[in-house]
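First the structure, in the form of structure tokens, and then the observations on it.
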Number of protein chains: 2
Amino acid sequence: MIRTKQRKEMQTSIKKSWILEKAGVLFWQKGYHNTSMKDIANACNCRPANFYNYFKNKEDILYEVIRSITEQGVSSILYLEKDQEINPVEQLRSLIKSHFGFLASLKQSNVMISDTGMKYLSREHRKEIIRLRDIYDSILHKVIQRGIDAGYFATTDVKVAGYLIASIIVRSSVWFSMKGRLSVDEVSDIMFNFAYRGIKADDANPPKRNA
Amino acid sequence: MIRTKQRKEMQTSIKKSWILEKAGVLFWQKGYHNTSMKDIANACNCRPANFYNYFKNKEDILYEVIRSITEQGVSSILYLEKDQEINPVEQLRSLIKSHFGFLASLKQSNVMISDTGMKYLSREHRKEIIRLRDIYDSILHKVIQRGIDAGYFATTDVKVAGYLIASIIVRSSVWFSMKGRLSVDEVSDIMFNFAYRGIKADDANPPKRNA
DNA sequence: TCCTAATTAATTACCGACAATTCACCCACG
DNA sequence: CGTGGGTGAATTGTCGGTAATTAATTAGGA
């Protein structure tokens with residue numbers, strides 16, 4: 001029956017993401033090349049050879065880990081493209097809240113593996129990740145550009161401004177901890193204030209229109 | 001003779017830093033565990049066994065690489081501690097210019113190895129690197145605190161502000177390229193403007209004193 | 001419902017490759 | 001002549017990956 005086949009695919013998919021979750025944590029904690037298939041197997045309570053039923057090879061596991069994280073990061077801000085009529089300042093606030101909120105929600109800060117692990121990917125896989133990142137960048141750039149057009153933001157260089165804002169969000173995974181002094185919302189607010197003031201237009205040059 | 005011994009030590013030290021330079025580039029390009037002693041030997045035109053005349057083991061090479069970069073980074077802003085009477089705004093500008101300038105000056109952007117390679121260090125070595133970083137942080141914090149005390153800056157949290165500013169500087173090694181559209185000075189200025197506006201006090205709350 | 005064929009998941013045993021390191025031994029130079 | 005940088009070969013261990021095999025699950029006809 002079709003039903004049972006679907007159930008099976010479902011289970012396979014569940015096990016796959018279970019493996020990816022465990023592998024992602026290890027890759028971040030120990031590094032990709034310092035994490036052996038045996039290590040992952042221990043974390044998954046199975047034998048190394050088993051993985052080759054689900055993934056082509058070790059690089060394939062890394063690719064799926066990075067793709068998953070990157071995809072979720074992009075998805076978390078995708079909605080901003082639709083609502084082009086919302087105040088760009090509020091869009092920036094949303095973007096920071098969403099992306100940082102997503103990063104903070106990951107149990108381990110296995111985010112940096114997306115940066116550092118890129119160089120271990122095959123050319124095709126790397127291209128796919130870059131494609132996803134470009135989507136993220138383009139959304140961020142559009143928000144900034146709309147803010148400039150509407151007179152809210154003033155910055156000489158949209159691309160660099162995007163890099164700077166993305167830097168403070170992404171790098172939070174190096175220092176932010178859920179168990180720390182500040183909550184996600186508090187840090188979100190601080191980040192937004194910093195970023196917004198960093199690029200906002202002088203008050204002497206007020207917005208041309210409201211939204 | 002003392003003279004010859006000195007010359008010899010000199011040569012040894014030169015060769016050591018030659019090795020460190022080559023190894024640092026490889027560690028960044030390929031990752032620590034994916035860089036073999038043979039790879040480093042090829043880059044240095046010598047044989048793997050040779051390294052054990054200069055370093056205890058592979059981890060020791062990594063440690064020296066990271067220590068050297070971190071030390072230089074800290075040194076590049078150390079002078080700020082002395083001149084406590086200079087305008088904090090100018091100190092912030094100097095800090096960004098110096099640190100980013102140093103990062104950009106490295107032939108390869110082998111800076112991120114300092115972040116990612118930390119976990120491969122022994123406990124003692126890691127502690128030493130953290131000690132150096134703490135010096136960096138404390139200088140940055142002092143600059144910000146002095147700016148707040150003098151009424152130039154307004155921020156709710158000195159530590160987080162420090163993280164945000166350091167983030168935009170350090171992460172530049174991911175996207176900045178000497179061969180790119182913008183020069184080091186141009187990017188420096190953009191970074192400073194962004195960071196300064198991000199934490200500066202409202203104009204309605206002017207500085208209490210000048211310097 | 002039950003039995004069997006087929007498919008998929010998991011495991012065991014194993015291989016070739018290559019890693020970091022050690023050591024005995026060079027040889028150049030002071 | 002003898003000290004120390006340099007090296008080839010050997011050691012030891014572990015890695016990712018494959019082949020063969022077993023266990024488990026599902027499909028479909030009677």
Side-chain angles (χ1 to χ4, degrees), chain A residues 1-24 26-27 29-66 113 117 119-122 125, chain B residues 1-20 22-24 26-27 29-65 113 117 119-122 125:
Chain A
M1 296 289 285
I2 291 178
R3 257 338 201 14
T4 56
K5 191 173 182 186
Q6 278 182 342
R7 177 138 32 110
K8 189 150 226 174
E9 278 172 6
M10 172 89 156
Q11 281 176 340
T12 307
S13 152
I14 286 177
K15 171 125 193 189
K16 261 186 98 161
S17 45
W18 163 259
I19 296 172
L20 290 178
E21 198 176 312
K22 296 293 182 183
L26 286 173
F27 286 159
Q29 281 177 345
K30 299 161 57 83
Y32 173 65
H33 281 102
N34 197 33
T35 302
S36 67
M37 298 299 266
K38 210 173 154 191
D39 290 333
I40 306 174
N42 283 339
C44 295
N45 287 323
C46 66
R47 259 25 82 189
N50 192 340
F51 297 131
Y52 295 87
N53 288 319
Y54 298 91
F55 303 94
K56 228 172 93 272
N57 48 31
K58 192 184 175 187
E59 186 262 356
D60 204 35
I61 299 180
L62 177 67
Y63 167 62
E64 293 284 356
V65 167
I66 294 180
I113 189 64
K119 53 177 165 295
Y120 307 130
L121 295 179
S122 68
H125 283 166
Chain B
M1 296 291 285
I2 290 179
R3 257 335 203 20
T4 57
K5 191 172 183 190
Q6 278 183 342
R7 174 136 35 107
K8 201 149 222 175
E9 278 173 8
M10 173 85 160
Q11 283 174 341
T12 308
S13 152
I14 286 178
K15 170 129 189 189
K16 260 187 99 161
S17 43
W18 164 259
I19 296 172
L20 290 178
K22 297 293 181 184
L26 286 174
F27 286 160
Q29 280 177 344
K30 299 162 56 84
Y32 174 65
H33 281 102
N34 198 33
T35 302
S36 67
M37 299 298 265
K38 208 173 157 190
D39 291 332
I40 306 174
N42 283 339
C44 295
N45 288 321
C46 66
R47 258 28 80 189
N50 192 327
F51 297 130
Y52 294 86
N53 288 320
Y54 298 91
F55 303 94
K56 229 172 95 271
N57 49 32
K58 192 183 174 187
E59 188 262 356
D60 205 34
I61 300 181
L62 177 66
Y63 168 64
E64 294 283 358
V65 167
I113 189 64
K119 54 176 164 292
Y120 308 130
L121 295 179
S122 68
H125 284 166

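Below, chains carry the letters A, B, ... as their sequence lines are ordered, and counting in each starts from 1.
Side-chain atoms of B/His125 and B/Asp60, non-hydrogen and from C-beta on, do get closer than 4.5 Å to each other.
When the P atom of C/dC15 is taken as reference, atom CE of A/Met37 falls 20 Å away, rounded to whole Å. Here the P atom of nucleotide D/dG6 and the CZ atom of B/Phe55 are 12 Å apart, to the nearest Å. Counting to the nearest Å, the P atom of D/dG8 and the CZ atom of B/Arg47 are 6 Å from each other. Across the protein-nucleic acid pair, A/Asn53 atom CG and C/dT7 atom P stand 16 Å apart, rounded to whole Å. Summarising the geometry, the separation between NZ on B/Lys30 and C1' on C/dC18 is reported as 13 Å, rounded to the nearest angstrom. Protein atom CZ of B/Phe51 is 15 Å distant from nucleotide atom P of C/dT22, rounded to whole Å. Rounded to whole Å, the distance from NE2 on A/His33 to P on D/dT14 is 18 Å. Per the geometry, CG belonging to B/Asp60 stands 14 Å off C1' belonging to C/dT21, to the nearest Å.
For B/Lys58, counting side-chain heavy atoms from C-beta on, the closest listed nucleotide (D/dA19, D/dG8, C/dA20) is C/dA20. Considering only side-chain atoms of A/Ala49, the nucleotide from D/dA19, D/dG8, C/dT21 that sits closest is D/dA19. Side chain of B/Asn50, nearest nucleotide from C/dA10, C/dT21, D/dG6: D/dG6. Minimum atom distance to the side chain of A/Tyr54 is reached by C/dA10, of the listed C/dA10, D/dC15, C/dT12. Nearest to the side-chain atoms of B/Lys38 among the listed nucleotides C/dA19, D/dG6, C/dT11 stands C/dA19.
OP1 or OP2 of D/dG16 has not a single side-chain nitrogen or oxygen of A/Asn57 nearer than 4.0 Å. Residue A/Lys15 places at least one side-chain N or O under 4.0 Å from the OP1 or OP2 atom of C/dA10. Taking 4.0 angstrom as the limit, B/Tyr52 places none of its side-chain polar atoms (N or O) nearer than this to OP1 or OP2 of D/dT7.
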Worked verdict on B/Asn53 versus B/Lys15 for side chain to side chain contact (heavy atoms under 4.5 Å, CB included): CA-CA 11 Å; B/Asn53 288 320; B/Lys15 170 129 189 189; over 6 Å; no

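From A/Leu62, atom CG reaches atom NZ of A/Lys58 across 8.5 Å, with rounding to the nearest 0.5 Å. Within the model, atoms CD1 of A/Ile66 and CD1 of A/Ile61 stand 12.5 Å from one another, a figure rounded to the nearest 0.5 Å.
The ring pair (Phe, Tyr, Trp, His ring centres under 6.0 Å) search around A/Tyr32 returns A/Phe27, A/Tyr120, not counting sequence neighbours.
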